[in-house]
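The block underneath contains the structure these notes are about, expressed in structure tokens.
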Amino acid sequence: MTETSMHTGGTGRAQSVHDGGVRGRDFTGYRIAGAICAVVFLFLLAWQAVYLFAGDSRTIPEVAWSASEFNGETVPEADTGGTLAAEVLTERTRLQDERFRTGPSPEATPPEAALGEGEMLRTGPLDDGSRLTGAWATLDGETGSMLRASDRTEGISSLPYSNADLFERPFARDWRVGIADVVTHMGALAILGMAFLLSAVLALRGRVPIRHGKSGKSVKRFGFVERATHWLTALSFLGLAFTGIAIAYGETLFVPLGERAMGTLGWWSTWGHVLFAPTFTIGLVLMIVMWTARNLPSKLDLNWLAQGGGFFSDEGGHPSARKFNAGQKLIFWSAVLGGLLMILSGVTLMFPFYWLDLGGMSWAMLIHAGIAVLLIAVFLAHIYIGSVGMQGAIDAMWGGDVDRNWAAEHHDLWLRDEVDGKKGTAQ
């Protein structure tokens, strides 16, 4: 394979062009690693799907219940077409049971009220032929809490903390479903799904190469302050992500290592999650100050998105971009908007009941957890592109300098206007 050197007018940049294009540089090792990772993450996704949809342990009544007006007489046999089918009682019972026994919440939403006022329970004959009497079918307290829509119940308490007098709060059940089921499973599916997708892209597409090869010349892309801010924010987010995952998924991931290990990890994660928050906040604020103006949307972004950033084919050139392309802008605004929501909700949780009541605190926790798992999935894509996904990309934030050919292929307008243009002005 021969190599020729050519100079392009105006910029004076050198490009080394290999006969046969970039197809000879296939990065086979990366593809093999991507295929292995894709298989692993596909297995984990399948396991998560089985865990999500499989029937877990439930408290299932042995007879079909229905409702009838109480008339003080022995309750007659009930037909199976009554207003309270066995499925309703099953799901409402399951909602109230302990989570370690019941697992995920039922798919269907139970009715708000299974019994109206003045109604009582009745059932068909039991196996031995006996029947329930009216006294047995009278609605008691525990049955009522399952079969009737609960109300907010408050009493009187001398305990010196907020909501100590709150005995029953219907929204707590919705909150438990949101935290324990929706956010937890959504996070697992989002993180594992993104990991599988990126691994599959690496296996099928391979690493994005520098199409004209390395030129041997470098240009300055990021200064020390920019790189320090990036790594301060990135490392703080990784610390928050790992400690948050330990808190949210510790029982699934780490209990097999031993309860002592889980206890130690939980203790460090609880404190570490709070300690990483200030540095993440400082880094995010500095990023907003330094890069917001350069990450505002422009017409170039539409063309970049329409061509998929040029990542899916080695034929043709990459779409033009300035210092930040549309993909980097999406990552930036995800970090800014999602990060600000995380900070606001996180501070609210660190100082409970200072400006929100119990309902507001519940929403703060739901928002904090939901945004967190989505940001982890988004930043997996950012980490992938900046490391194994693209040749030469990591140099930008590692040493600050990038190969000239890499800059010309991915950020040609920035190279022309802000690098070569400044040199021409200086000359």
Side-chain angles (χ1 to χ4, degrees), residues 1-35 198-223 226-227 230 294 300-301 303-331 380-423:
M1 178 178 290
T2 61
E3 180 178 290
T4 60
S5 177
M6 62 183 243
H7 297 273
T8 60
T11 62
R13 68 175 182 268
Q15 294 180 331
S16 60
V17 181
H18 296 262
D19 293 340
V22 297
R23 294 183 179 179
R25 300 191 303 276
D26 209 12
F27 298 109
T28 304
Y30 287 96
R31 289 194 170 192
I32 294 174
L198 296 174
S199 300
V201 168
L202 182 61
L204 297 175
R205 190 259 184 268
R207 200 182 193 199
V208 178
I210 300 176
R211 295 179 179 179
H212 294 90
K214 292 187 176 182
S215 66
K217 296 183 178 181
S218 62
V219 295
K220 175 65 71 176
R221 178 150 173 81
F222 292 111
E226 290 179 301
R227 287 182 283 122
H230 171 272
R294 290 179 175 270
L300 288 173
D301 300 332
N303 181 55
W304 191 94
L305 293 172
Q307 298 185 43
F311 293 152
F312 299 102
S313 174
D314 290 334
E315 304 298 331
H318 286 279
S320 294
R322 300 191 185 279
K323 185 162 186 176
F324 296 110
N325 58 42
Q328 292 167 323
K329 290 180 181 181
L330 289 174
I331 294 294
L380 280 178
H382 178 57
I383 294 171
Y384 167 80
I385 291 295
S387 56
V388 299
M390 178 186 293
Q391 183 186 15
I394 196 172
D395 297 335
M397 277 301 175
W398 191 256
D401 296 333
V402 295
D403 188 84
R404 185 178 183 83
N405 280 353
W406 183 94
E409 293 176 9
H410 296 284
H411 300 275
D412 55 334
L413 298 181
W414 167 75
L415 179 67
R416 182 195 68 188
D417 298 338
E418 299 190 39
V419 179
D420 294 331
K422 289 181 179 180
K423 289 181 180 179

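Since this is a predicted model, take the numbers as computed values, not measurements.
To the nearest 0.5 Å, the span separating CG on Leu415 from OG on Ser320 amounts to 11.5 Å. Between His411 atom NE2 and Gln328 atom CD the span is 4.0 Å, to the nearest 0.5 Å. Remark: Arg322 CZ to Arg416 CZ distance equals 6.5 Å, nearest 0.5 Å. Rounding to the nearest 0.5 Å places NE2 of His230 at 11.5 Å from CH2 of Trp398.
Arg221 meets the salt bridge (Lys or Arg N to Asp or Glu O under 4.0 Å) test with no other residue; sequence neighbours excluded. Residues passing the ring pair (Phe, Tyr, Trp, His ring centres under 6.0 Å) test with Trp304 are Phe311, sequence neighbours excluded. With sequence neighbours excluded, the residues forming a ring pair (Phe, Tyr, Trp, His ring centres under 6.0 Å) with Tyr30 are Phe27, listed by chain and number. Residues that satisfy the ring pair (Phe, Tyr, Trp, His ring centres under 6.0 Å) test with His410, not counting sequence neighbours, are His318, Trp406. With sequence neighbours excluded, the residues forming a salt bridge (Lys or Arg N to Asp or Glu O under 4.0 Å) with Asp301 are Lys329, listed by chain and number.
One side chain, Gln307 or Asn303, offers a donor N or O that lies under 3.5 Å from an acceptor on the other.
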message = Determine whether Ile331 and Ile385 satisfy the following criterion, side-chain contact (heavy atoms from CB on, under 4.5 Å), listing intermediate values before the conclusion.
response = CA-CA 11 Å; Ile331 294 294; Ile385 291 295; over 6 Å; no
task = Evaluate the criterion side-chain contact (heavy atoms from CB on, under 4.5 Å) for residue pair Leu202 and Leu198; output intermediate values, then yes/no.
result = CA-CA 6 Å; Leu202 182 61; Leu198 296 174; over 6 Å; no
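Side-chain N or O atoms of Arg404 include none that pairs as donor or acceptor with a backbone N or O of Val219 at under 3.5 Å. Of the possible polar contacts, one joining the Arg31 side chain to the Arg205 backbone as a donor-acceptor pair under 3.5 Å is found. Between the side chain of Asp403 and the backbone N or O of Ser215, at least one donor-acceptor pair lies under 3.5 Å. A distance-only check finds no donor-acceptor pair linking the side chain of Glu418 to the backbone of Lys323 [under 3.5 Å]. In this structure a side-chain-to-backbone donor-acceptor pair under 3.5 Å is present from Asp412 to Ala321.
A pairwise comparison of heavy atoms in Pro319 and Gly310 identifies CD-N, 3.7 Å as the closest pair. When all heavy atoms are compared, the tightest approach of Ile210 to Asn405 is CG2-CB, 3.9 Å.
The salt bridge (Lys or Arg N to Asp or Glu O under 4.0 Å) analysis of residues 380-393, with sequence neighbours excluded, yields no pairs.
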